[in-house]
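Okay, so here's the structure we're looking at.
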Amino acid sequence: MIGLASYLCFFVTLALIYGVATLGLNLQWGSAGLFNVGVAGFAAVGAYVSAWITATPVDTHWGGFALPIPLGWLAAMAASALAAFVVGAATLRLRADYLAITTFGAAISLELVALNADRLTGGPFGIAFIPRPFAALSDQPLAFSAANMLLVAAVAGVVFVALERLTRSPWGRVLRALREDEAAAASLGKSPAKFRLQAFVIGAALIGLAGAMQAQFFGFIAPDNYLPVFTFQIWVMLVLGGSGNNKGALLGAVVVWGVWTASGSLFNLLLAPEWQARGAALRVVAIGVVLASVLLWRPRGLIGERATVSRHVE
Amino acid sequence: MSVLTVETVVAGYEPGLPIVRGVSFTLSAGEILVLLGPNGAGKSTLAKAVAGLVTISSGTVRLRGVSLAGMAAHDRIRHGVAFVPQTGNVFAGLTVADNLAIAVNILPRAERAGRIAAMLALFPDLAAARRARAGLLSGGQRQMLAIARALAVAPSVLTLDEPSAGLSPKLVGAVMQKLREIRDSGVAILLVEQNARAALAVADRAMILAEGRIAHEGHGASMLDDPAVAGLYLGRRV
Amino acid sequence: MNGQIVIDGMTSGAMIGLGAIGVTLTYGLLRFANFAHGEFATWGAYIALVLASLLGTLLGGADGTIGDLTFGWHLLVALAGSMVLTALLALALDSVLFRRLRRHGSGMVLVIASFGASLALRSLLEFGFTGQPQYYSREIAMTVAIAPGMRATLDQLVVLGVAVALMAGTHLMLTHTALGRAMRATSENPDLARLAGIDVADVVRTTWLLGGAMAAAAGVFLGVTVQLRPTMGFELLLPLFAAAILGGIGSVPGAMAGGMIIGIAEAAAVPIAGAQYRAAVAFVVLLVVLLIKPTGLFGARER
């Protein structure tokens, strides 16, 4: 019973961590129309930075400053924000899909650095012994998982409320106006590039925070946590939940993470060991088909965006 | 006899938001019908509806009695309904020769070279610039190429959306003179214009469109002196 | 720069250029960056693998080799078959997914969809063939000296020659045939193309067929000179985008030149930065192009 309850806490914790990343992506895509294909890269930046700052020192790689966890998370947000600033400043003035291609390239390059810069990142083995929050409770599994869940839920709650206020503020309205009709909004004297860059940077900071929380929660990180499929999962969460809607982003994260873990357990149960790698591949196929189907038949997701006036000229 | 028959046409870009609200007229071979009106009156939309670029929600467009309903733009040109848009009316990255070659590609192979030669004879400026990229032509040459491209397939109806836009008065005169020559060869011309004075000078008939409906009809040059026409332009002198 | 780098870079550059043709043409025509394009190369390579082994089974006996190449005529037939089938795959993906989404407007939704399609297509191959590398042939590739300090395998030389011929053929088709003119015209101004009697839907179909076929060839050549893996096309994607943007969107000679430049830059970077960072070279080139000249070498239009 305690096992099930603490598993449930574990599940909710991870789902909400993905939820924070999805909220960040929602600010970028849902509010500002910015297409980020490098979600995994920004999450990796957050994860590694927080790991360096909070982990205990080892002589195999850099970092290990054993500083408090909140400091690690703040630094993670700052580092991801900085990475987004660099990428965004270079590409946001160009066509929208150049941002997509650039973030994609950045994520691939960061993955290469994580994999190969052993002295910095621990190489393929990554970084271990990352302290978990509430480590003092670790001999009481339920209390430990529940405390972690509450912490992550509190963070997700703060992020949610902050984003709700932000998207309803004049700043959020300008963003949406820019997404709908750039020329009209620009003619009101709003600099599109500045607003977009701000949204992109804040969104990336949240994705970095999610990466840091995930690292802290797992206790270790490795480059293969941050493959393109991670980006893909966050996108499916957002699109399924309903982009442009913060509640949808959280709901999408919980639903998709639920289906993902359930199907994983099912495959583990049903498939012979030699078929499990293939089963994992099939799971990605299925989620790709789900994404395409949602885009085709339910483009507004489970909960669509609140109605805004939008004009489409064929 | 009338080549083009437009009957109570309603058209627009979005369902429920008609821009053209029930317009009817006929157009005969060897006739220039000028369509005037203030900005937003629906002139361009009507022209695009005839060309097949804008969907008609009710009413009909007939070519020699045959309805064009449901016919895509690329099929209408094959049936002889040509359109010269106001902007983006030449393929700027292609040469003058390629622009014309694309146009005549829908004709039987044997006729193509002859039609290109006829166009180059009609527009001598283009003959000299055959190898030039269309994007490098002057405004006047560009407009001539746009007309030549549409005319190359020997259409029975030629619709033009503000061919005088952005041209000097001298060039506007040259364009109108060309249209008169084209009309005299038997083509039915629907001319959408802002420049009422220049357009009415060549018009056989003219209509003024306001808020998507025909507000006034008249016969060519006589309309220049009609006070009602000036009134429809909201006090603008014509 | 040493000659070996040039010859190695040109071989992989030719494959990048072949793949980039489809990227640049669909991008120019449909205005979206297709993240699934790399998968056409992967599928092309695996389809050829299946066709070649089917041929072997049907005709009995293994495929011999042509001269000192590592492959025989079975693979050449399989290459042709794979180009046709992959072209149809590209067309099918357009009609079930992209064409429907185009009707709703927003170009970026197409990019998300292509990203999803890319993962699904790749994982489907991983399901069918596992992640283990496969080879068309177990023969040892013979190398020849072309110049002092420059050696290339015969395979490389044949691949380079065929790839350049395919690219040149595509370019001639676009510049010298009515269909090619129609494609260029539609890419520049779809509305005017309609008014000129061009069936835009036809042009879109042709573009997918051409892009898919060229990507399949790139995939097969990659399989001949390196190996087949389900991730091979995905790893090619960044170089493809970089080559298309470097060359100028919509330009086939640009894609060719862009591919060569990326290929040689990658080969040149290996001795300096190490082979493990090879994949980041295309990203660096891409950033430099976007910062300095986002229209690319042959691009006329700002995008």
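Reminder, nothing fancy here: chain letters follow the sequence lines and each chain counts from 1.
- At least one donor-acceptor pair closer than 3.5 Å links the side chain of B:R78 to the backbone N or O of C:G197.
- In this structure, CG in C:L192 is found 4.0 Å from CZ in B:F91, a value given to the nearest 0.5 Å.
- Per-residue counts of heavy-atom pairs under 4.5 Å with chain B were compared for C:A178, C:A182, C:A185; the largest is that of C:A185.
- When the candidates B:V153, B:V90, B:D75, B:N99 are compared by the number of heavy-atom contacts under 4.5 Å with chain C, B:V90 comes out ahead.
- Other residues, nucleotides and ligands contribute more than 12 heavy atoms inside 6.0 Å of the CE atom of B:M119.
- Counting heavy atoms from C-beta on, the side chains of C:L195 and B:I77 never come closer than 4.5 Å.
- Neither the backbone nor the side chain of B:A150 comes within contact range of chain C; no heavy atoms are under 4.5 Å apart.
- The closest side-chain heavy-atom distance from B:H74 to C:I198 is not below 4.5 Å.
- The backbone N or O of B:L53 lies less than 3.5 Å from no partner atom in the side chain of C:D191, so there is not a single donor-acceptor pair.
- B:D98 touches chain C through backbone and side chain together, each having a heavy atom under 4.5 Å away.
- Of all heavy-atom pairs spanning C:R181 and B:I102, the tightest one is O-CD1, 3.7 Å.
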